[in-house]
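Presented below is the structure to which this report refers.
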Number of protein chains: 2
Amino acid sequence: MINKNSPIPIYHQLLEYIKCKIASGEYPADELIPSEREFSEKFQISRMTVRQALNNLVQEGIVYRQKGKGTFVSRQQVEKKISRLNSYTEEMIERGLKPSSRLVQFDILNSDKALSNILKIKENDPIYFIKRVRLADSIPMSIESIHVSCDIAPNLNQSVLEKSFFDYVNANIPDPIQYADQSIQARMPSEEEAQLLEIPPNCPVLAIYRTTYLRSGKVLEYELTVYRADRYKLVHSLSRTD
Amino acid sequence: MINKNSPIPIYHQLLEYIKCKIASGEYPADELIPSEREFSEKFQISRMTVRQALNNLVQEGIVYRQKGKGTFVSRQQVEKKISRLNSYTEEMIERGLKPSSRLVQFDILNSDKALSNILKIKENDPIYFIKRVRLADSIPMSIESIHVSCDIAPNLNQSVLEKSFFDYVNANIPDPIQYADQSIQARMPSEEEAQLLEIPPNCPVLAIYRTTYLRSGKVLEYELTVYRADRYKLVHSLSRTD
DNA sequence: AAGTGGTCTAGACCACATT
DNA sequence: ATGTGGTCTAGACCACTTT
């Protein structure tokens, strides 16, 4: 169960152990789980290490604590769906569709004033501009236009884009993605958009403008994605945290 | 600076101390702050206590760490707008517009199969059906159709709807709102929708389907809101919590 | 080699809730 | 009175980065 000689930290092993118990129903929702001291004694580890595992689970919304009472399992169905930032690839697989993409444009451009403002770089600093048609089961789903500062994305090339941009980021940029701001609009497609999406010009599209930030606060990318409205709806969760 | 006899935990005092230094510019963005051991020695507190302060700041996105290097100030001190669940009234005021509404329909109906499923009630159980045109600065912005189980919303009447439905809920339902699932689509308006929104029939709309849940897990309401795409865009934040 | 954050220990006292 | 989570200590070893 817990292997002290494993290269995996003990708190992480315990965290996974508890997650399993919750998934299997052994620790049901709204029920107490063993106390910190119980875990500490059972696995012969320090209570502080147990707390580190539990702190992570609290942060993930998997469990919650009550002073003097104990630690409880959260209602799972809520936590799972809280809006996450997913890549196109992840999203399509989740929906049971086969993702692919077709590169339309790959250029290095100089940023104009508006863009440099968004990306928090100097005007005329070089950026990658990448335009791709995203397909699901070989049918056009969306057009994705990505703007990334060359400074922030080393060694970005066409072959990288065959796969997930997120995977590239995770592998090549140590600073992790933290959050994104999105703005969503309904509008009619431009002529080029209608053609790339293979839809009639009187069919509306969903336009999503996204700015993605890293943990350091740096801007990773500014992205516009235009979705076929007949094939795509955006699903997400909101929480009310008064 | 740090008072060990204060009822305020030491880690919290240190956390506020660091926040102040950042706000005053003494710890500038992207710059190193003192190491954990420095804080520990300077204030004569345990390094674990320093870590607790720093962990909280990392969680808030105020600082970030790099193994072997140190702890840095994040670039963006702007408070992140984690997607919140707001009422129409709140949202419009935030955008600097004057909200109002015009009641189109107020009825008690029997729920059909699909609706009873969503609201988690029995088929044919009575529901309130409320349709309102929402205005901003006296111009139609959206059409809101709310479905609420009569069981869950006592004393709901037309006069309540002059104001915010959220305010009514907060005042009359002890179980607080916890979260909502939304599905967002772009589409063309129906004839009735175009007429109520005072837009031409070839102008697209943003259709948002929302199910709102209470902390107990009960469903508060199922709502369809149809927005004029030319006057409304949806803005929100997503976080990536790996 | 020196410094950093990451992990871990084996204790301790506190405020709080339950019995 | 007992058990719980919340806070805190004074050490320790590790992997990593920089000098």
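FYI, side chains are in, hydrogens and waters are out, and symmetry mates aren't considered; it's all heavy atoms of this structure. Reminder, nothing fancy here: chain letters follow the sequence lines and each chain counts from 1.
Checked by atom type and distance alone, the side chain of B:Gln13 pairs as donor or acceptor with a backbone atom of B:Asn3 at under 3.5 Å. Remark: the backbone N or O of A:Ile45 is paired with a side-chain donor or acceptor of A:Ser40 at under 3.5 angstrom. Under the 3.5 Å distance criterion, the side-chain polar atoms of A:Ser142 are left unmatched by any main-chain donor or acceptor of A:Glu144. Under a 3.5 Å cut-off, the side chain of B:Tyr11 and the backbone N or O of B:Leu54 do not form any donor-acceptor pair. A donor-acceptor pair under 3.5 Å is absent between the side-chain atoms of A:Lys42 and the main chain of A:Pro34, judged by distance alone.
Picking from C:dT7, D:dG6, C:dG11 the nucleotide with the shortest atom distance to the side chain of A:Arg51 gives D:dG6. Side-chain atoms of A:Ser46 lie closest to C:dA10 of the nucleotides C:dA10, C:dG6, D:dA10. Relative to the side chain of B:Thr49, the nucleotides D:dA10, C:dC13, D:dC8 differ in distance, and D:dC8 lies closest. The nucleotide whose nearest atom lies closest to any side-chain atom of B:Arg37 is, among C:dC8, D:dC8, D:dC13, D:dC13.
Note: CE (A:Met48) to C1' (C:dA12) measures 12 Å, nearest angstrom. A straight line from CD of A:Glu36 to C1' of C:dA12 spans 15 Å, rounded to a whole angstrom. Per the geometry, NE2 belonging to A:His12 stands 10 Å off P belonging to C:dT7, to the nearest Å. Atom CD in B:Gln44 sits roughly 10 Å away from atom P in D:dT9 (whole-Å rounding). With rounding to whole Å, A:Tyr11 atom OH is found 9 Å from C:dG6 atom P. Across the protein-nucleic acid pair, B:Gln52 atom CD and D:dT9 atom P stand 10 Å apart, rounded to whole Å. Rounded to an integer number of Å, the gap from B:Lys69 NZ to D:dC16 P is 14 Å. Between A:Leu32 atom CG and C:dA17 atom C1' the separation is 12 Å, expressed in whole Å.
Contact annotation for A:Ile10: backbone-only contact, meaning every heavy-atom pair under 4.0 Å involves sugar-phosphate atoms and none involves a base. Across all strands, A:Leu54 comes closer than 4.0 Å to no nucleic acid atom at all (heavy-atom distances).
Look at B:Arg65 and you'll find a side-chain N or O under 4.0 angstrom from OP1 or OP2 of C:dG6. A sub-4.0 Å separation between OP1 or OP2 of D:dT9 and a side-chain N or O of B:Lys4 is present. Distances shown here put a side-chain N or O of A:Thr71 below 4.0 Å from the OP1 or OP2 atom of D:dG5.
Nearest-nucleotide mapping onto DNA chain C: of A:Gly68 and A:Val50, the residue sitting toward the 5' end is A:Val50.
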